[in-house]
There are 2 protein chains.
Amino acid sequence: MKGTKAGRRGLGRVTAEEVARRLGVSQSTISRAFSPSASISDEMRTRVANAAMELGYQPNIIARSLITRRTGIVAIVIGNLVDPFYTTLLDILTDRLQAGGKQTLLFSSSRAGGLDAIMPTLLQYQVDGIVITSAAVTSDMARICAKRETPVVLLNRNVPGLDISAVCCDNVQGGRQMARHLVGLGHKRFAFVVGQPDASTSLERQQGFVSELAQAGISSCVIEQAGEYSYEAGYEAALRLAAGASRPEAVFFASDIMAIGGMDAFRSRGLSVPGDISVVGFNDVPLAAWPTYALTTVRHPWEQMAARVVDLLGVDAAAAPVRKAVTELIPGDLILRGSTGPRRDQ
Amino acid sequence: MKGTKAGRRGLGRVTAEEVARRLGVSQSTISRAFSPSASISDEMRTRVANAAMELGYQPNIIARSLITRRTGIVAIVIGNLVDPFYTTLLDILTDRLQAGGKQTLLFSSSRAGGLDAIMPTLLQYQVDGIVITSAAVTSDMARICAKRETPVVLLNRNVPGLDISAVCCDNVQGGRQMARHLVGLGHKRFAFVVGQPDASTSLERQQGFVSELAQAGISSCVIEQAGEYSYEAGYEAALRLAAGASRPEAVFFASDIMAIGGMDAFRSRGLSVPGDISVVGFNDVPLAAWPTYALTTVRHPWEQMAARVVDLLGVDAAAAPVRKAVTELIPGDLILRGSTGPRRDQ
DNA sequence: GCTCATTATGCATGCGTATGCAAAGCCGGA
DNA sequence: TCCGGCTTTGCATACGCATGCATAATGAGC
């Protein structure tokens, strides 16, 4: 009689069935005791709660989700866990989801072959929603997700062609703000350092920056390719700029981490920031506020963006998930610190 | 006839049943086609694969795990996502798990009431294993997990009283190495900056450091409390040390991020590092290698530690999960950079 | 051509829970 | 006292898949 129906077979998992037997009631009652909206008397609810406590019973969410079709899991696909921009985003987003009773299934897309390799496994887990902070989304993916009615939200990415919601900082406006600030300081020679050349974020910031410069009568701006959003790439790009024939007076790096690498590079060449050269970035990661860097930057409205993402996912069970794709553009704030200064007369 | 058995009811999920009907075979066959070890002909396997592709079928892991009792999910409880130490750990661990076909369910313990609040939800998800990088583990938790046979591994924490496996850098040895290095440089006046006062990591590093100093004939070492592992806390602690009556010549911060805050603080007071004061940390986070800091530190054997954690979890389905609690102590490497230098004659 | 071993497939059931429906109990109003 | 409504509970079933067992099909050996 090894493990007939009763005998606590496989592992030490306690089931609703066992609690029910202990109390002489049906399994349904146990289930209802754990469902806030179910019809059950208060007395029974507490009796079940006590018995569950004694036996160490906890509802099995996996089994539950088979019926309810909701796992309570949201997948977050993140570019990399080295850039503080992404980790800050992850931190805030996870916190918000956790507060809403959702859990975070984490996928790193930098390793392991990008989104194409990840997407299938991710869907196998029947996640309630997907947040993508990076990597290339194809129309195929969009279609598959739409068919399954799994909400997808792009965070900090904007792919206009696709029918996918996106939450994004207003990069163009941020670029403009930067241009106005630097022009106001009297600078004449500018450079923009591109992150990933195909990233919409980098392109938009550049576009805003360059067009606002033009509006101020400055028609030329050196465009330097860094290749990726990293400290090292920013460092190298800055070295090239410093060694160039006509060194710029103000450099706008497409992201904070690159800007910080750039500052270190300029300083390593004996240049003073902001004395000899003004440096600005984008994101306002925690690092940017450190006194060594005191980086002037555009602050990502982190909390607001995370809140919108959660909204668009339809995380609050009641609300119907948003059907139509929506693109939210949230303006960032210009944060003035010590890395920018007035043009030095030469 | 709204959604009788056949009619693609609820959502666009394709089930094995539908694939089976399409091919005129049984649902079992579909199931077997997706199980590498099952008995099924090669021809059928490819036929099923093709049909699945056409219909967009993917096995539902949630349903599968109800039977197999394995979700393929590992929970990672992490202290905070701001300290680069934790994010680096998370990065490497997630990568390793992903490579082994496991997914990462992320929990941040700094918010939302610590481990006690997290543990129940975490177990409800029937995770295959738990990695805890922080927070206080109680014996209650250990007992519950043991009963469910859910493997738990502490990473970078050591709680000797409990029957839980742990993977940890050899902090005592690391502290000793640091002491030898700094004594070798001729320094006489030392300080140690404590992170979280109750963290075993901080205590052990301190112990190794102080005892080795003693062995070298140096019986006194200023112990400064920072309160937490953060840039700001390190910064403040350094300011206090700089303002003290007898300023130390060499300061060992319990973690890199604190050491970096400390360097910035010393420099803000006009002190040169390492000219006036040598600074060392622990962990070797990416930041530590930046030229601005060039921090001498003890390198955490990240990859090796992650590998051991995965081993101890018994992630490779075949191997029986390790029963007896094991504590792995992995030695770290002393990384010499520019933040330490010989004692300046005074 | 027959038997036996081997492989491939179908059938039935169960994993742990949620939920529609029916039945039972309870209370107040007449 | 009786009846209609409301609340609370049990029963049965379904969620999507894996798997033991039985059965059909195939091939080898004589």
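Just so it is clear, the values below take in all heavy atoms, side chains as well, and ignore hydrogens, waters and symmetry mates. A note on names: the letters A, B, ... follow the listed sequences, proteins ahead of strands, and every chain is numbered from 1.
- At whole-Å resolution of the value, CD1 in A:Ile30 and C1' in C:dT17 are 12 Å apart.
- To the nearest angstrom, P of D:dT19 lies 7 Å from CD1 of B:Ile67.
- When heavy atoms are screened at a 4.0 angstrom cut-off, B:Ser28 is found touching base atoms of the nucleic acid.
- Shortest non-hydrogen contact noted between A:Tyr125 and B:Thr71 is OH-O, 2.9 Å.
- The shortest heavy-atom contact between B:Asn158 and B:Ser200 is N-OG, 3.4 Å.
- A:Glu18 approaches A:Arg13 most closely through the heavy-atom pair OE2-O, 3.7 Å.
- In this structure, A:Gln27 atom CD and D:dC15 atom C1' are separated by 13 Å, rounded to whole Å.
- Distance CZ (B:Arg45) to P (C:dT7): 14 Å, rounded to an integer number of Å.
- Rounded to a whole Å, the CD atom of A:Gln124 is 10 Å from the P atom of D:dC17.
- Proximity of A:Val74 to A:Leu105: side-chain heavy atoms (C-beta onward) are nowhere separated by under 4.5 Å.
- When the side-chain nitrogen and oxygen atoms of B:Thr68 are compared with OP1 and OP2 of C:dC15, none of them lie within a distance under 4.0 Å.
- Computed from coordinates, the B:Asn60 CG to D:dA18 P distance equals 9 Å when rounded to whole Å.
- Using a 4.0 Å heavy-atom criterion, one finds that B:Ser31 contacts the bases of the nucleic acid, with or without backbone contacts as well.
- Place B:Arg32 and B:Ala63 on DNA chain D by their nearest nucleotides, and B:Ala63 ends up nearer the 5' end.
- The separation between A:Met44 atom CE and D:dT7 atom P is 17 Å, rounded to whole Å.
- Close to D:dG16, at under 4.0 Å from its OP1 or OP2, lies a side-chain N or O of A:Arg69.
- Residue B:Thr29 is in sugar-phosphate contact alone, with no base atom involved, counting any heavy-atom pair closer than 4.0 Å across all strands shown.
- The nearest whole Å value for the distance from the CG atom in A:Leu66 to the P atom in D:dA14 is 14 Å.
- Residue B:Asp198 qualifies as enclosed at atom CG: its count of foreign heavy atoms under 6.0 Å is above 12.
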